[in-house]
Amino acid sequence: MKPVGVLDPNLPKRMARGVCALAVMTKAPQAGRVKTRLVPPLTPEEAAELNKCFLRDRASAISSACSRQPACPPKPRRRGVGDAGKIDFKPEANASQSEAATPACGIAVYTPVGTESAYTDILPADFSLLPQRGDKFGERLYFAAEDLFKCGFDSVCLIDSDSPTVPAANFAEAVELLSTSEDCVVLGPSDDGGYYLIGVKKLHRDLFEQIDWSTERVLNQTIQRATEIGLKVELLPTGYDVDDDASLRRLRNELLLDVSRKDVAPCTQEFLRELAAR
């Protein structure tokens, strides 16, 4: 398989106008470094594999959301040897205007640098990578948005990788909400008081500062920051994170016992069935 291309925000802007970045925040799925709150009941290796499944399902939903939009993405063209792994989003010479005006594109904003090969068999072919910057969580979110805007995206959605049951329709709705002329922030609430998505049309540092990250106050504090700076707030349907034993049991019950959910998060569902059979 071809390696996933890496975006460089320091290069001249190359994105077509009107493109929204649907960017999932991710840590390379290495045993002992991801989903550690699920160990136990899982082993470190099982937790890492579950993380891979979450990411595959999340990336698939994002790709589906991109394909629901009325235009097709420009075909990425890899540059020469000196820029190995980088992606050039300049449309093909024979592409029509509608083909070049894609409204959404899938990105994985990853850490640590040097783990790019870990994503080769996880992400769809239409995805690109972008390295994370910053130390604290709020800094990583802010710098991810900043770098994506530098890449030329018109709007940015930062998406978690911990809520695999959020449907593609939610991401497509976020793209639509951000396509309006009015400045706003789009939030996908999680039922633990956080959010699984934040979408912006402009860079607003205030949205990522003075937030009590990893608490039940994140969503309300973010809405408060948006109100203080005069931003309209748009809310998506609520989802839930899977980051402890209780939420893992909830996910198992939803995916393995509810027949109406048989098409939801297929990679995660298959892995959970394998675990249950052991």
Side-chain angles (χ1 to χ4, degrees), residues 1 22-68 106 108 110 118-127 157-174 187-198 214-216 218-219 235-278:
M1 299 180 66
L22 291 176
V24 57
M25 304 293 293
T26 169
K27 181 186 292 185
Q30 301 169 329
R33 297 188 177 185
V34 294
K35 293 295 174 201
T36 54
R37 292 178 62 190
L38 293 177
V39 180
L42 304 180
T43 67
E45 292 73 23
E46 289 170 341
E49 190 60 35
L50 183 65
N51 183 258
K52 288 182 182 180
C53 293
F54 282 7
L55 188 53
R56 287 190 181 103
D57 287 328
R58 170 64 88 239
S60 177
I62 289 173
S63 289
S64 179
C66 293
S67 68
R68 292 184 185 201
Y110 72 101
Y119 294 94
T120 300
D121 64 345
I122 296 176
L123 298 176
D126 58 353
F127 259 65
C157 290
L158 303 177
I159 304 167
D160 77 3
S161 57
D162 298 327
S163 45
T165 60
V166 173
N170 291 22
F171 305 133
E173 182 179 353
L187 294 168
S190 294
D191 62 6
D192 62 359
Y195 57 73
Y196 62 83
L197 177 149
I198 181 169
S214 301
T215 73
E216 73 282 357
V218 170
L219 179 65
L235 296 179
L236 301 173
T238 301
Y240 69 94
D241 295 344
V242 180
D243 53 14
D244 57 21
D245 191 16
S247 54
L248 179 60
R249 289 196 301 271
R250 176 180 178 179
L251 181 69
R252 284 171 171 159
N253 290 338
E254 178 181 353
L255 296 185
L256 302 187
L257 302 180
D258 187 346
V259 294
S260 69
R261 306 289 281 168
K262 62 184 180 65
D263 296 324
V264 174
C267 291
T268 300
Q269 191 168 153
E270 180 179 0
F271 182 65
L272 291 178
R273 290 191 187 282
E274 292 177 2
L275 284 179
R278 291 178 184 176

Identify which one of Lys35, Lys27, Arg37, Arg58 satisfies the salt bridge (Lys or Arg N to Asp or Glu O under 4.0 Å) criterion when paired with Asp162.
-> Lys35
Option passing side chain to side chain contact (heavy atoms under 4.5 Å, CB included) with Phe54 (candidates Leu251, Asp160, Val24) | Leu251
Interatomic distance, CD1@Ile122 vs OG@Ser60, rounded to 0.5 Å, equals 13.5 Å
Rounded to the nearest 0.5 Å, the CD1 atom of Ile159 sits from the CG atom of Leu22 at a distance of 5.0 Å
Heavy-atom closest pair, residues Ala28 and Val34 = O-CG1, 3.4 Å
When every non-hydrogen atom of Cys53 is compared with those of Phe271, the smallest separation belongs to SG-CB, 3.6 Å
For Ala168 and Ala61, work out which heavy atoms get closest and say how close.
-> CB-O, 3.2 Å
Euclidean distance, Leu55 CG relative to Phe127 CZ, rounded to 0.5 Å = 7.5 Å
Measure across Gly32 and Pro44 and return the closest heavy-atom pair with its distance rounded to 0.1 Å.
-> N-CB, 3.8 Å
Could you pull out the closest heavy-atom pair between Thr26 and Ser161, with the gap in Å?
-> CA-OG, 4.5 Å
Just by distance, do the side chain of Gln269 and the backbone of Asp263 share a donor-acceptor pair under 3.5 Å?
-> no
Among Thr43, Asn51, Leu50, which one satisfies side chain to side chain contact (heavy atoms under 4.5 Å, CB included) with Leu38?
-> Leu50
Candidate pair Phe171 and Leu236, rule side chain to side chain contact (heavy atoms under 4.5 Å, CB included), full reasoning | CA-CA 9 Å; Phe171 305 133; Leu236 301 173; 5.8 Å; no
If you measure only the distance, is there a donor-acceptor pair under 3.5 Å linking the side chains of Asp191 and Thr238?
-> no
Between CG on residue Leu272 and SG on residue Cys267, distance to nearest 0.5 Å = 11.0 Å
On a heavy-atom basis, the closest approach of Gly106 and Cys66 is N-SG, 4.0 Å
Spacing of OH belonging to Tyr195 relative to OG belonging to Ser163, to within rounding of 0.5 Å | 12.5 Å
Crowding at CD, Glu270 (>12 non-hydrogen neighbours, <6.0 Å) = no
Measure the CG-CD distance between Leu235 and Glu173 for me, rounded to the nearest 0.5 Å.
-> 10.0 Å
Say whether, by atom type as modelled, one donor and one acceptor occur between the side chain of Asp57 and the main chain of Thr268 under 3.5 angstrom.
-> yes
Stepwise side chain to side chain contact (heavy atoms under 4.5 Å, CB included) check, Leu42 with Leu248 = CA-CA 10 Å; Leu42 304 180; Leu248 179 60; 4.2 Å; yes
Those residues that, when tested against Arg33, pass salt bridge (charged side-chain N to carboxylate O under 4.0 Å, His left out) (two or more places apart) | none
Let me see the working for Glu274 and Glu49 under side chain to side chain contact (heavy atoms under 4.5 Å, CB included), right down to the final yes or no.
-> CA-CA 12 Å; Glu274 292 177 2; Glu49 190 60 35; over 6 Å; no
